[in-house]
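Only one structure is covered here, and it is reproduced in the block below.
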There are 2 protein chains.
Amino acid sequence: MSEKVVNETKMVGKQSIAFNKPPFIISSASIAGKKESEGPMGGLFDVIQEDPLLGKNTWEEAESELMKLAANKALEKAKLKNTDIRYLVGGDLLGQLIATSFGIASLEIPLIGIYGACSTMGEAMLVGSMLVEGGYAGKVLSITSSHFAGAEKQFRFPLDYGNQRPYSASWTVTGSGCVIISDQDQKPDPSKASVIIKGVTPGKIVDYGLKDSLNMGACMAPAAYETIKQNLEDFGIQPNYYDKIITGDLGYVGSDILKDLLKEKNYDITTNHMDCGIEIFNQENQDTHAGGSGCGCSAIIFASFVLRKLISREWKRVLFIPTGALLSQVSFNEGKSVPGIAHAIIVESVG
Amino acid sequence: MSEKVVNETKMVGKQSIAFNKPPFIISSASIAGKKESEGPMGGLFDVIQEDPLLGKNTWEEAESELMKLAANKALEKAKLKNTDIRYLVGGDLLGQLIATSFGIASLEIPLIGIYGACSTMGEAMLVGSMLVEGGYAGKVLSITSSHFAGAEKQFRFPLDYGNQRPYSASWTVTGSGCVIISDQDQKPDPSKASVIIKGVTPGKIVDYGLKDSLNMGACMAPAAYETIKQNLEDFGIQPNYYDKIITGDLGYVGSDILKDLLKEKNYDITTNHMDCGIEIFNQENQDTHAGGSGCGCSAIIFASFVLRKLISREWKRVLFIPTGALLSQVSFNEGKSVPGIAHAIIVESVG
């Protein structure tokens with residue numbers, strides 16, 4: 001009997017998972033840079049860092065500091081210590097995840113290092129929720145970060161070069177976002193709703209052959225399309241099942257492509273779609289072109305705006321789909337395409 | 001009742017996990033380069049690639065090809081198709097995991113991209129085994145790779161520069177190894193033993209402040225020490241519980257440090273320790289100095305030599321601890337230390 005129940009399948013359809021005992025998101029933190037604080041969401045972030053170097057010597061050290069601040073803030077908000085977190089799941093955009101390694105080492109929490117480009121927050125939450133629901137951990141911290149200057153140096157041109165940016169280019173968000181996932185609920189305010197992770201749809205690599213690293217929205221839209229379509233098919237639902245379908249950082253260009261691709265399959269998300277890359281900056285006066293991007297973009301929007309909407313019960317069901325472009329400087333210089341990936345997380349407001 | 005059993009804890013001690021229903025390793029593959037084929041383990045690898053470029057134009061494409069060959073070989077050996085694998089867990093040493101992204105995209109299996117430097121095979125197996133035991137997947141493919149020329153270009157000097165290598169330097173293995181982890185056993189030969197993953201100990205980042213990227217064994221040994229010590233403490237066992245304690249790629253320098261560190265805590269592993277970095281090359285005549293390294297090193301030794309010993313029942317219990325050095329070219333050039341990480345997998349021969 002016992003064995004049978006333990007093995008009860010949680011697999012749904014081709015690619016998705018529905019949790020038997022959905023874990024809770026009990027805390028979150030969002031640390032953002034100055035430009036992000038000047039955008040429409042600026043008032044919602046936990047901490048604003050005016051200094052892009054955060055008092056450090058390099059962009060990489062600055063990004064590590066962002067991550068450390070985010071992890072500590074989420075612990076503080078939940079009145080937890082580092083030793084209360086069994087595993088940390090995290091990653092970032094820098095080669096060999098150095099923002100993460102140097103950022104969270106001092107927390108001394110066992111690390112599952114992950115990489116999904118700008119889909120990393122989705123991947124961190126899907127692995128984190130499985131660790132908790134599988135009975136492997138009581139509490140997991142899922143975290144990611146990005147830094148505008150570090151990302152430009154890593155993937156495109158150093159800032160000092162002063163290159164022009166086409167309108168299809170996005171602006172990498174400086175920020176770090178994280179959530180604490182737990183097998184037990186813990187609410188600071190009993191009158192508010194709890195937030196659970198109901199299920200996930202891990203994504204495949206999708207490559208339509210696009211090669212423009214300054215149009216990442218177009219590169220990632222097909223991956224978002226495939227993952228959303230699979231989520232709807234696996235669960236046998238329509239887009240209106242969700243109050244919001246929230247993509248990571250497709251921006252203006254990629255969001256239009258996504259909606260068109262889904263429309264071809266008779267899925268209409270025009271009324272309930274939102275993209276974190278579109279929401280984070282004011283396109284009119286922030287010179288951010290196609291929108292925000294970077295792992296930090298969807299992470300800080302989720303940890304601030306999206307969670308607030310769920311806790312206040314304004315939204316009941318959300319599909320959160322961070323999107324990543326799997327390029328490197330080397331693959332780009334060698335003329336390779338920019339494959340995309342997107343992981344979907346079903347987040348719900350309960351109680 | 002049902003709920004209670006599903007939540008039955010699998011957490012052991014501070015950091016470890018013991019599976020209620022240990023998943024099976026039902027297939028494996030090891031693809032190796034020419035130099036690896038000339039070492040003591042040369043006869044055990046599934047496929048040898050004499051051409052370091054594998055007919056491709058770049059080192060990165062060559063490494064992707066290694067990974068593709070490994071995944072397909074493991075599927076073929078188990079008479080499985082790509083659609084039989086629910087999720088793929090994998091990563092590599094190249095910035096933004098391009099060997100993996102371009103190597104496995106054509107398999108069209110949802111991807112959990114991970115990074116643990118040369119500990120990646122351990123991380124792939126620990127995430128893969130949790131995916132299966134947690135009821136999230138029937139079969140998972142855990143994979144990694146490395147390539148000598150790609151790694152030198154990524155982390156140190158391009159080969160054409162012809163730099164001298166100190167005796168503490170290791171030689172990055174050209175190869176890709178993978179395993180298929182399943183909730184159901186499947187034996188090609190019923191007279192042989194089955195191999196299960198009994199539990200895992202995910203590791204913390206350990207940084208003793210060493211900065212020498214040409215002495216990675218010394219940088220990683222403290223991480224191996226911490227993870228092994230924690231595994232023994234969590235399960236309340238002594239080193240002789242295991243027939244073999246197998247580290248990833250500490251090499252000669254790092255292995256000596258590991259044994260000394262454990263001896264200080266009264267743990268003696270001198271009789272049952274083995275290091276994949278030491279075993280893969282012949283130090284006398286292969287000019288490989290401190291030994292082999294790279295994600296591929298422990299992966300191909302595990303997928304060939306170690307699994308054979310378990311299947312033949314020569315070894316009953318093995319602790320497999322791939323070790324990683326969490327540096328990047330950027331962190332090294334910025335004068336940062338080289339933190340280490342090590343993940344331990346308890347593998348046993350049964351039946």
One option among S106(A), A137(A), A117(A) has the most heavy-atom pairs under 4.5 Å with chain B, and it is A137(A)

Under-4.0 Å salt bridge between E60(B) and K336(A): no

Do you know which two heavy atoms are closest between T58(B) and E334(A), and how far apart they sit? OG1-OE1, 3.4 Å

If I measure from the heavy atoms of chain A, does L131(B) come under 4.5 Å with its side chain, its backbone, both, or neither? side chain

Cut-off 4.5 Å, heavy atoms of chain A, and the answer for I109(B) is backbone

Report the distance from atom CD of Q96(B) to atom CG of D92(A), rounding to the nearest 0.5 Å. 9.0 Å

Where on T227(B) is there a heavy atom nearer than 4.5 Å to chain A: the side chain, the backbone, both, or neither? neither

Counting only heavy atoms closer than 4.5 Å, note whether S119(A) contacts chain B via side chain, backbone, both or neither. neither

Looking only at V127(A), I112(A), D207(A), T201(A), most heavy-atom pairs under 4.5 Å shared with chain B are made by I112(A)

Segment of A105(B) engaging chain A (4.5 angstrom heavy-atom cut-off): both

Would V330(B) and I98(A) count as a side chain to side chain contact (heavy atoms under 4.5 Å, CB included) here? Give the steps. CA-CA 9 Å; V330(B) 173; I98(A) 53 170; 4.2 Å; yes

What part of L88(B) gets within 4.5 angstrom of chain A, counting heavy atoms only: side chain, backbone, both, or neither? neither

Looking at every heavy atom in both P110(A) and P202(B), which two are closest together, and how far apart are they? CB-O, 3.7 Å

Counting only heavy atoms closer than 4.5 Å, note whether Q15(B) contacts chain A via side chain, backbone, both or neither. both

Non-hydrogen atoms of chain A under 4.5 Å away: do they reach the side chain of Q154(B), the backbone, both or neither? side chain

Taking all non-hydrogen atoms of both residues into account, name the closest pair between F102(A) and S331(B) and its distance. CE1-CB, 3.7 Å

Heavy-atom pairs under 4.5 Å with chain B - which of R86(A), E123(A), E108(A) has more of them than the others? R86(A)

Side chains of E133(B) and Y136(A): any donor to acceptor distance under 3.5 Å? yes

With a 4.5 angstrom heavy-atom cut-off, which part of I341(B) approaches chain A: side chain, backbone, both or neither? side chain

Residue part contacting chain A, namely of Y87(B), when any heavy atom lies under 4.5 Å: side chain

Option that, when pairs with chain A are counted at under 4.5 Å, heavy atom only, ranks first among Q329(B), M130(B), E226(B): M130(B)

For I205(A) and I104(B), run side chain to side chain contact (heavy atoms under 4.5 Å, CB included): C-alpha distance rounded to whole Å, both residues' side-chain angles, the deciding distance at 0.1 Å, then the answer. CA-CA 8 Å; I205(A) 295 176; I104(B) 58 87; 3.8 Å; yes

Yes or no on side chain to side chain contact (heavy atoms under 4.5 Å, CB included) for S328(B) and L94(A), after CA distance, side-chain angles and deciding distance? CA-CA 9 Å; S328(B) 82; L94(A) 300 179; over 6 Å; no

Is it the backbone or the side chain of K153(B) that comes under 4.5 Å from a heavy atom of chain A, or both, or neither? side chain

When the 4.5 angstrom heavy-atom criterion is applied to V200(A) and chain B, the contacting part is neither

What residue in G138(B), G116(B), G95(B), A18(B) has the most heavy-atom pairs under 4.5 Å with chain A? G95(B)

Let me know if E61(B) has heavy atoms under 4.5 Å from chain A in its side chain, its backbone, both or neither. side chain

Measure the CG-CD1 distance between L97(A) and I114(B) for me, rounded to the nearest 0.5 Å. 10.5 Å

So, K10(A) side chain and G134(B) main chain: donor-acceptor pair closer than 3.5 Å or not? yes

